[in-house]
Amino acid sequence: MQATQEKISITADRAVLAEIRSRIRTLCERLDVRPSTVRRVVLATDEAVANVIEHSRLAEGEPIEIRLDIRPEEIVIEVRDSGVVFDPTARKSTLSNGALGRKRGFGLHLIHLVTDELGYSRTDDGVNVLTIRIEAQ
Amino acid sequence: MSGLKIISEELNAGVAYFELQGYLDAHNFERLEGVFEKYFVDGVYRFAVDIRRVEYVSSAGAGVFIGAVGTCQDNGGNIVLVQPSQEVKEIFELLGVYQIFPVVPNKARALEFLANESSRNLQGEL
């Protein structure tokens with residue numbers, strides 16, 4: 001498999017989530033990434049972008065950039081936005097016993113479960129960079 | 001286009017059947033949440049939900065089921081899932097909630113399960 005990099009630019013609108021999933025799935029399948037890894041990449045990216053849209057306070061239509069670095073041994077995803085500081089790695093991700101009846105707040109937990117490494121940084125020019133690393137299975 | 005088709009019907013007193021097609025994510029989960037809430041207002045707390053044609057569920061989508069099953073069980077009901085796909089099953093398993101839901105292979109078995117559960121609840125009240 002040849003290492004491939006792809007950049008997807010979208011607007012902060014939940015309606016684009018399906019298109020992101022479709023593009024990532026198509027790209028990974030074209031590169032023969034194993035289905036179980038594709039599912040993890042799609043899920044982690046979908047949840048990360050949904051989190052940005054919900055928590056970053058970006059105005060609808062403001063840009064979010066997704067960078068994918070697909071290599072035989074791993075896939076690294078970067079989600080970049082210019083919203084307020086939001087560090088998902090600093091949030092507790094466990095589910096409490098009181099999950100039953102709760103409706104929201106499972107996304108971060110899922111991201112932690114399907115990723116091998118999760119990192120966050122804020123650039124000097126005010127861009128949140130969430131880095132997700134998933135080892136190819 | 002929301003990517004989610006919901007066919008819902010109340011079959012008999014207190015039991016509703018949903019057939020879902022498409023995907024359930026952070027964009028459209030509120031539609032399904034709204035359908036559950038409409039039935040709750042009418043006192044319906046027993047559901048058979050056919051999700052064999054649901055290709056993807058995000059945490060927001062799973063959250064609808066987790067929230068709704070809590071309300072159902074608090075009111076003597078339940079949500080029975082019909083044939084979740086492997087992908088959807090994996091999400092529920094990752095969240096550690098798959099075992100909360102009875103899972104059956106078809107609509108008839110789902111209705112049978114709900115009828116039996118209703119009888120058990122009634123016997124418990126007597």
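Chain letters run A, B, ... following the sequence lines, proteins first, then strands; residues in each count from 1.
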*With a 4.5 Å heavy-atom cut-off, do B/Y56 and A/L43 have their side chains touching?*
yes

_Closer than 4.0 angstrom, basic N to acidic O: yes or no for B/D25 and A/R21?_
yes

*Would you indicate whether A/D125, at its atom CG, is surrounded by more than 12 heavy atoms from other residues, nucleotides or ligands within a distance under 6.0 Å?*
yes

*Mind checking whether A/L113 and B/V57 sit in one hydrophobic cluster, side chains of I, L, V, M, F, W, Y counted as touching below 4.5 Å?*
yes

*Using the rule that two of Ile, Leu, Val, Met, Phe, Trp, Tyr join whenever any of their side-chain heavy atoms come within less than 4.5 Å, decide whether A/I8 and A/V41 are in one cluster.*
yes

_I'd like to know if the side chain of B/E87 and the backbone of A/R39 have a donor-acceptor N/O pair within less than 3.5 Å._
no

*Please state whether the side chain, the backbone, both or neither of B/F65 comes within less than 4.5 Å of a heavy atom of chain A.*
neither

*Do other residues, nucleotides or ligands put more than 12 heavy atoms under 6.0 Å from the CZ atom of A/R133?*
yes

*When rounded to the nearest 0.5 angstrom, what is the spacing between CG in B/L95 and CG in A/L110?*
4.0 Å

*Flag if over 12 foreign heavy atoms under 6.0 Å of CZ, A/R122*: yes

*asked:* For B/G63 versus A/F106, what's the shortest heavy-atom pair and its separation?
replied: CA-CE1, 3.7 Å

_Taking side chain as everything from C-beta outward and backbone as N, CA, C, O, which of these in A/R25 sits under 4.5 Å from a heavy atom of chain B? Side chain, backbone, both or neither._
side chain

*asked:* For B/A26 versus A/R14, what's the shortest heavy-atom pair and its separation?
replied: O-NH1, 3.0 Å

*If every non-hydrogen atom of A/H109 is compared with every non-hydrogen atom of B/L94, which pair is closest and at what distance?*
NE2-O, 4.3 Å

*asked:* Taking side chain as everything from C-beta outward and backbone as N, CA, C, O, which of these in A/V49 sits under 4.5 Å from a heavy atom of chain B? Side chain, backbone, both or neither.
replied: neither

_If hydrophobic clusters are built by linking Ile, Leu, Val, Met, Phe, Trp and Tyr wherever their side-chain heavy atoms come under 4.5 Å apart, do A/V84 and A/V127 end up in the same one?_
no

_Student check: side-chain heavy atoms of B/S58 and A/E47 closer than 4.5 Å_ = yes

*Rounded to the nearest 0.5 Å, what's the gap from OG on B/S59 to CG on A/N51? Could you check?*
7.5 Å

_Would a single hydrophobic cluster contain both A/V76 and A/L68, if residues Ile, Leu, Val, Met, Phe, Trp and Tyr are joined by side-chain heavy-atom contacts under 4.5 Å?_
no

*Should A/I132 and A/V129 be regarded as members of a common hydrophobic cluster, given that ILVMFWY residues are connected when their side-chain heavy atoms come within less than 4.5 Å of each other, either directly or indirectly?*
no

*Enter the distance from A/I53:CD1 to B/H27:NE2 here, rounded to the nearest 0.5 Å.*
10.0 Å

